[in-house]
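What follows is a set of notes on a single structure, which appears directly below.
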Amino acid sequence: YLLNILVGIIFSPNLFAQEQFNYDESKVPDLVLPDPFVSAKGEIIKTVDEWESIRRPELIRLFAENVYGGIPRDFDEIHFNVSTDSDHLYKEVAMKKNVTIRVTRNGKAQAIKLFVFLPLEGKGPHPVFLLISHRNVQALLDDKEDRFFPIAQIVEKGYAAAIFDVVDVSPDDKERFTNGILESLYPEELKNSGGMRGLAAWAWGAMRAMDYFESENAIDHKRAAIVGHSRGGKAALWAGANDKRWAVVISNESGCGGAALSRRRFGETVKRINTSFPYWFNDNFKAYNDNEDALPIDQHLLAACIAPRSIYIASAIEDQWADPKGEFLSLKLGSRVYSEIYGIKVDLPEIFENHQRTIHTKSVGYHLREGKHNLTLYDWERFMDFVEKEFLLAR
Ligand code: GTR
């Protein structure tokens with residue numbers, strides 16, 4: 001033990017010397033970003049048809065090949081086992097359904113537990129928020145004070161609140177991440193350097209929750225919002241970009257590999273995330289370590305792939321690791337597709353200023369919260385305000 005400490009002391013200065021992260025805006029390189037409106041072959045993209053038939057599918061393919069791996073669409077069967085659970089903390093305001101989603105492919109099966117809280121008040125079908133959770137879901141459901149998933153507040157506004165734990169799909173762990181759909185349903189993905197890894201697997205899980213929403217009469221699946229915080233936010237963006245069934249896509253402090261522009265190299269970098277969390281992204285993404293300019297995409301184009309559906313990006317001032325400015329810029333640049341292709345008047349400020357903390361414009365929302373990296377009630381309240389406007393939710 002002592003020896004370990006000694007070794008740690010001797011080697012740690014070296015370690016710090018290697019790991020330099022930039023928090024100085026004046027050291028951010030000049031950005032030359034891939035143009036949303038020029039295809040890989042050089043075609044100019046002007047119309048909805050050109051965007052939807054050429055550029056958007058091309059971008060999804062580029063993100064799949066170079067960053068996340070694609071989300072497999074094929075399986076043999078999906079089955080929902082639903083039971084009503086009357087023993088829970090929210091019984092005054094919600095009915096709880098425990099859903100086991102069972103998916104089979106090539107004779108193998110995977111089960112995912114989805115927990116759904118339906119408002120007791122008001123008549124359905126209810127719009128729904130799905131949270132992709134990398135925190136222990138049972139612990140969240142057992143703790144009434146936890147703001148990470150404020151069930152009572154969500155349900156009281158007339159929404160259904162649904163959550164699943166990523167551990168059921170692909171454990172959030174370098175050694176065990178294959179211990180889910182990557183072993184059971186899609187083992188061939190691991191042989192492909194551009195195949196699905198952790199984040200894409202979580203996005204796949206969210207899509208199976210959507211399959212359930214489509215089968216549930218109490219839920220209005222056409223008014224569904226997918227939410228993720230941080231690593232979950234990265235997965236939410238990837239799910240939202242791929243699957244048009246999500247009417248609203250919300251990323252909270254998703255940072256590097258999520259909303260933040262990789263080329264800014266501010267806070268967490270591609271190299272660092274590939275080193276700490278190699279199992280989130282595919283192997284091809286490693287080629288961009290210290291080589292962000294070679295990426296055929298940047299993250300503003302992920303926001304663009306969600307257009308014209310609603311997108312909300314949230315940052316926190318003290319979460320500089322996630323590069324709030326880079327998150328805002330992605331949204332700002334990605335939202336050009338909303339305005340220039342879809343003719344939606346998006347009104348974001350040119351430069352983001354700290355005092356301007358919440359922006360809601362048609363289809364696009366943003367806030368910069370005070371404080372640290374976390375998913376808080378404040379964040380959820382902003383999401384609900386945005387979604388309410390987007391859905392013109394009648395109470
Ligand atoms: C950090 C990681 C971030 C972010 C965060 C989280 O350690 O560097 O990219 O995903 O974890 O998920 O809270």
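We count ligands from 1, going down the list as the structure has it; atoms in each ligand are counted the same way. Small disclaimer: the values here were computed from a predicted structure and weren't measured. In what follows, residues are counted from 1 in the order of the sequence shown. Note that these values count all heavy atoms, side chains included, but never hydrogens, waters or copies made by symmetry.
For Trp321 and Phe21, the ring centers sit closer than 6.0 Å to each other. Aromatic ring centroids of His88 and Phe115 lie 6.0 Å or more apart.
Interface of Phe277 with ligand 1, defined as ligand atoms under 4.0 Å from a residue heavy atom, comprises 2 (C), 7 (O), 8 (O). Of all atoms in ligand 1, listed by their number and element, those nearer than 4.0 Å to a heavy atom of Ile273 are 9 (O). When each atom of ligand 1 is checked for a heavy atom of Trp280 under 4.0 Å away, the hits are 9 (O), 10 (O).
Residue-level proximity to ligand 1 for Arg272 is absent, since no heavy atom of it falls below 4.0 angstrom. Looking at Lys234 against ligand 1, only its side chain comes within 4.0 Å, counting heavy atoms.
For His229, the closest heavy-atom approach to ligand 1 does not fall below 4.0 Å.
Closest protein heavy atom to atom 3 (C) of ligand 1: Glu268 OE1, 3.2 Å.
Counting only residues at least two apart or on different chains, no salt bridge (Lys or Arg N to Asp or Glu O under 4.0 Å) pair has a member in residues 305-317. Counting only residues at least two apart or in different chains, side chain to side chain donor-acceptor pair (under 3.5 Å) contacts with residues 27-39 comprise Ser39-Glu43.
Salt bridge present: Glu390 and Lys362 bring a charged side-chain N and a carboxylate O closer than 4.0 Å. Salt-bridge check for Glu58 with Arg55: passed, with a basic side-chain N closer than 4.0 Å to an acidic carboxylate O.
The shortest N or O to N or O distance between Ser230 and ligand 1 is below 3.5 Å. Geometrically, ligand 1 and Arg231 share a nitrogen or oxygen pair separated by less than 3.5 Å.
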Exercise for review: May I have the step-by-step check of ring pair (Phe, Tyr, Trp, His ring centres under 6.0 Å) for Phe386 and His367, ending in yes or no?
Suggested key: CA-CA 11 Å; Phe386 175 71; His367 76 250; over 10 Å; no
